[in-house]
Amino acid sequence: MSIATRRSRNSMQSRSRTARTAAAAGAVTLGLLALSACEKPTPLATVTVGSDTVSSEAACYTDGKKLSEKDLRDCISAKSGKKLTVSEGERIRIGVDPEVADSGWAMVVNGQGTMTEASKDTYRSFDYDEIFAPTQTPTGGGAAPKTAQVAIIEVDESGQAKGAWLFTLKRNSS
């Protein structure tokens with residue numbers, strides 16, 4: 001084999017290697033760009049009734065920063081959450097991601113707080129009657145609501161909201 005042939009083959013191998021290196025570098029760059037464009041998913045909250053479970057990302061969340069009261073109110077009133085049906089006597093089990101539990105969370109049902117203080121538990125269980133409590137009327141009696149809009153609110157140590165997860169529980173009429 002002559003020297004000219006050897007140089008030509010080495011030159012072709014070098015170009016091929018350079019092209020593969022450039023393609024690999026391009027693929028890595030595109031992958032990094034794609035990852036940087038993705039938003040970090042919010043923590044999850046889960047509601048279980050009987051054998052039915054729904055999980056949801058936050059309806060309002062600013063990466064763990066405080067939400068204004070107006071933003072929280074607007075979020076809770078403007079959106080409905082994932083739905084579950086609840087029969088009388090069933091327990092409603094709520095679970096939150098550990099990072100939400102570390103911060104603390106509270107539950108609001110139909111705009112009313114239902115917990116005396118924020119929970120640091122990842123899991124809590126509530127009675128049917130705690131969620132579907134009859135509303136009091138001026139004459140004294142009241143009926144249980146047909147649906148319950150449940151908001152799980154992540155709070156900081158001062159009680160300021162950091163995020164909200166929304167669920168709609170429907171009372172089984174049978």
### Message
Working note: F167 + V54, criterion side-chain contact (heavy atoms from CB on, under 4.5 Å); need CA distance, chi angles, decisive distance, verdict.
### Response
CA-CA 9 Å; F167 299 91; V54 292; 3.8 Å; yes
### Query
Given the rule in the side-chain contact (heavy atoms from CB on, under 4.5 Å) test, do V108 and I153 qualify, once you have shown the distances and angles that lead to the verdict?
CA-CA 8 Å; V108 174; I153 312 292; 4.1 Å; yes
### Task
Starting from the C-alpha separation in whole Å, work towards a yes-or-no answer on side-chain contact (heavy atoms from CB on, under 4.5 Å) for E88 and F132.
CA-CA 9 Å; E88 191 168 348; F132 293 100; over 6 Å; no
### Query
Do W105 and I94 pass the side-chain contact (heavy atoms from CB on, under 4.5 Å) test, and can you show the C-alpha distance, the side-chain angles, and the key distance before you say yes or no?
CA-CA 11 Å; W105 63 276; I94 296 177; 4.0 Å; yes
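Going from atom NZ of K170 over to atom OG1 of T147 covers 9.0 Å, rounded to the nearest 0.5 Å. Taking CD1 of I92 as the reference point, atom OG1 of T48 lies at 11.0 Å (rounded to 0.5 Å). Atom CE of residue M115 and atom CD of residue E130 lie 9.5 Å apart, to the nearest 0.5 angstrom. Put simply, CG on L166 and OG on S77 are 10.0 Å apart, with the number rounded to the nearest 0.5 Å.
A salt bridge links K66 with D156: the distance from a Lys NZ or Arg NE/NH1/NH2 to an Asp or Glu carboxylate oxygen falls below 4.0 Å.
K162 and S103 get closest at one heavy-atom pair: NZ-OG, 3.2 Å. Between A133 and P145, the shortest heavy-atom distance links the atoms O-CD, 3.4 Å. Shown here for T122 and P98, the closest heavy-atom pair between the two residues is CG2-CA, 3.9 Å. For the residue pair A151 and I76, the shortest heavy atom distance occurs at CB-CD1, 4.0 Å. Shortest non-hydrogen contact noted between V109 and I131 is CG1-O, 3.5 Å.
Checked against V47 for a side chain to side chain contact (heavy atoms under 4.5 Å, CB included), the options L169, V150, I152, T53 give a single hit: L169. Checking D97, V100, V96 one by one against L44, the side chain to side chain contact (heavy atoms under 4.5 Å, CB included) holds for a single residue, D97.
Remark: the backbone N or O of S55 is paired with a side-chain donor or acceptor of K82 at under 3.5 angstrom. Checked by atom type and distance alone, the side chain of T168 never pairs as donor or acceptor with a backbone atom of Q149 at under 3.5 Å. Judged by distance alone, the side chain of W165 and the main-chain N or O of P43 form a donor-acceptor pair under 3.5 Å. With R171 contributing its side chain and V86 its backbone, the two residues share no donor-acceptor pair below 3.5 Å. Side chain of E90 to backbone of S87: a donor-acceptor contact under 3.5 angstrom is found. Between the T42 side chain and the A58 main chain, a donor and an acceptor come within less than 3.5 Å of each other.
With hydrogens and angles left out, the side-chain atoms of S125 and R93 include no donor and acceptor closer than 3.5 Å.
Under the 4.5 Å side-chain heavy-atom criterion for ILVMFWY residues, a single connected hydrophobic cluster contains both M107 and Y128. Following chains of ILVMFWY side-chain contacts shorter than 4.5 Å, one cannot reach V155 starting from Y61, and the two form parts of different hydrophobic clusters.
Annotation: side chain of T62 is in contact with side chain of L67 (closest heavy-atom distance under 4.5 Å).
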